[in-house]
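We use all heavy atoms of the structure for the numbers below, so side chains are in, but hydrogens, waters and symmetry mates are not. Throughout, a chain's letter reflects where its sequence line sits, starting with A, and its residues are numbered from 1.
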Protein chains: 2
Amino acid sequence: MIHCEDHEECILTAIEMADRICSQKQLKFTDLRKEILRMVWEGHGPQKAYDLLNKLQQTNPSAKPATVYRALDFLIKNGFIHKVASLNAFVGCSHPLRHQECYFLICDDCKNISECCDPNITAIIQATTKQNQFVAKNTTLEISGHCTECLNRSE
Amino acid sequence: MIHCEDHEECILTAIEMADRICSQKQLKFTDLRKEILRMVWEGHGPQKAYDLLNKLQQTNPSAKPATVYRALDFLIKNGFIHKVASLNAFVGCSHPLRHQECYFLICDDCKNISECCDPNITAIIQATTKQNQFVAKNTTLEISGHCTECLNRSE
DNA sequence: GCTAACAATGTTACAATATAACATCCCAGA
DNA sequence: TCTGGGATGTTATATTGTAACATTGTTAGC
Ligand SMILES: [Zn+2]
Ligand SMILES: [Zn+2]
Ligand SMILES: [Zn+2]
Ligand SMILES: [Zn+2]
């Protein structure tokens with residue numbers, strides 16, 4: 001998400017993918033939901049719900065918190081975005097079809113977020129839950145720290 | 001934390017450990033901080049800040065949100081409790097000295113939380129962050145789902 | 001012991017995040 | 001055309017968390 005060549009292209013891809021998946025699953029990808037998804041992606045980093053609300057109100061002055069949260073709920077439920085629990089923020093998912101295995105690196109300095117979707121992590125987590133006789137539904141793995149760019153910059 | 005023989009014993013152990021660590025580190029383990037730590041442990045599961053505030057107000061009617069949050073900040077900072085980001089709740093840490101490597105299994109049904117502090121997980125995560133040239137400061141791994149007890153119960 | 005410095009707590013006010021509840025709209029299918 | 005259910009509008013409120021400044025308490029040097 002961060003090192004994309006052309007972010008507008010990146011956004012369009014995400015929206016098209018969502019569109020296709022919604023068609024297949026008979027989900028209603030309404031204008032509102034599409035606009036919120038676009039906004040989440042446009043931000044190019046974790047987006048706060050009330051910031052999204054403010055943006056939305058520029059074109060839709062009567063928008064309310066529930067407007068945004070309901071769209072976000074839909075997008076989360078169907079795997080198009082993630083909630084970043086440690087930031088109370090939302091970020092686009094670049095592979096909705098493998099959405100269970102998304103892990104995040106969050107830079108405390110530049111606030112950028114990147115996915116680190118290592119199957120090894122998935123495997124070890126599965127092993128651990130199995131060992132604990134636990135049936136996992138959802139995994140939140142968020143690693144905060146400092147990204148390369150910020151480390152180099154501060155040297 | 002969940003399968004302890006005698007939870008009062010369990011609480012006392014946690015408080016004594018905190019007491020000892022605070023002495024060693026020259027930290028002030030005040031009555032307030034001790035009481036909040038006790039309350040977090042007493043709950044035997046993730047505790048919400050405002051529930052703690054309500055309890056605290058029973059003995060200290062003038063307690064305010066900041067009272068609780070400041071104590072929680074101290075306890076988090078020094079490794080005696082964790083914030084469970086996905087629940088906005090707080091839970092006691094049973095090994096403050098290895099506090100970087102605490103991962104959680106959270107049952108959606110009974111709301112119990114258990115640690116699954118597998119060094120293998122730590123190793124894989126370290127490998128992944130290294131590969132991404134990322135310097136990790138803090139790791140949040142929270143796995144929600146269903147625990148054995150609840151699964152057996154519903155069979 | 002006095003006192004300056006600083007940490008901890010008290011207190012007030014408010015910011016930020018999120019949901020409940022009910023009304024209305026809209027559209028697909030009978 | 002009618003109608004049922006999902007989506008959205010709307011109002012109100014719940015929940016979570018901080019900022020800012022006043023006061024108190026503790027400690028270390030004098
Ligand atoms: Zn994802
Ligand atoms: Zn950075
Ligand atoms: Zn811990
Ligand atoms: Zn359970």
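A donor and an acceptor atom sit less than 3.5 Å apart, one in the side chain of A:Tyr50 and one in the base of C:dA18.
Here D:dG6 presents its C1' atom at 14 Å from CD of A:Gln26, a figure rounded to the nearest Å. Distance CG (B:Asn78) to C1' (C:dA8): 14 Å, rounded to an integer number of Å. Between the NZ atom of A:Lys34 and the P atom of D:dT8 there is a distance of 12 Å, given to the nearest Å. The nearest whole Å value for the distance from the CZ atom in B:Phe74 to the P atom in D:dT18 is 18 Å. Between B:Leu87 atom CG and D:dT15 atom C1' the separation is 14 Å, expressed in whole Å. Between B:Ile36 atom CD1 and C:dA8 atom P the separation is 15 Å, expressed in whole Å. Distance, A:Lys64 NZ to C:dC25 C1': 15 Å, rounded to whole Å. Whole-Å rounding puts the B:Phe29 CZ to D:dT26 P distance at 16 Å.
In this structure, CZ on A:Phe104 lies 5.5 Å from CD1 on A:Ile113, to the nearest 0.5 angstrom.
When the nucleotides D:dT10, D:dA7, C:dT17 are ranked by their closest atom to the side chain of A:Tyr69, C:dT17 comes out on top. Listed nucleotides D:dA20, D:dT10, C:dT12 differ in distance to B:Arg70; the shortest reach to its side chain belongs to D:dA20. Taking the side chain of A:Asn88 as heavy atoms from C-beta on, and the options C:dA18, D:dG17, D:dT8, the nearest nucleotide is C:dA18.
Within a 6.0 Å sphere centred on CG of A:Asp6, heavy atoms belonging to other residues, nucleotides or ligands number more than 12.
Applying the 4.0 Å criterion to OP1 and OP2 of D:dT16, one finds that B:Lys48 has a side-chain N or O inside that range. OP1 and OP2 of D:dT10 both lie 4.0 Å or more from every side-chain N or O belonging to A:Thr67.
The aromatic rings of B:Phe74 and B:Phe29 lie parallel to each other, their planes meeting at an angle below 30°, with 60° marking the opposite boundary.
When heavy atoms are screened at a 4.0 angstrom cut-off, B:Ala66 is found touching base atoms of the nucleic acid. Among the heavy atoms of the strands lying under 4.0 Å from A:Arg33 are primed sugar atoms or P, OP1, OP2 only; no base atom is included.
Position along DNA chain D of the nearest nucleotide to A:Lys28 versus B:Phe90 favours A:Lys28 as the more 5'-ward residue. A residue-by-residue look at A:Asp73 and B:Asn60 shows that B:Asn60 has its nearest nucleotide of DNA chain C further toward the 5' end. Between B:Ala71 and A:Ala89, the one whose closest nucleotide on DNA chain C sits nearer the 5' end is B:Ala71.
A donor-acceptor pair under 3.5 Å is absent between the side-chain atoms of B:Asp19 and the main chain of B:Ile15, judged by distance alone. Judged purely by atom type and a 3.5 angstrom limit, A:His7 has no side-chain atom pairing as donor or acceptor with the backbone of A:Gly43.
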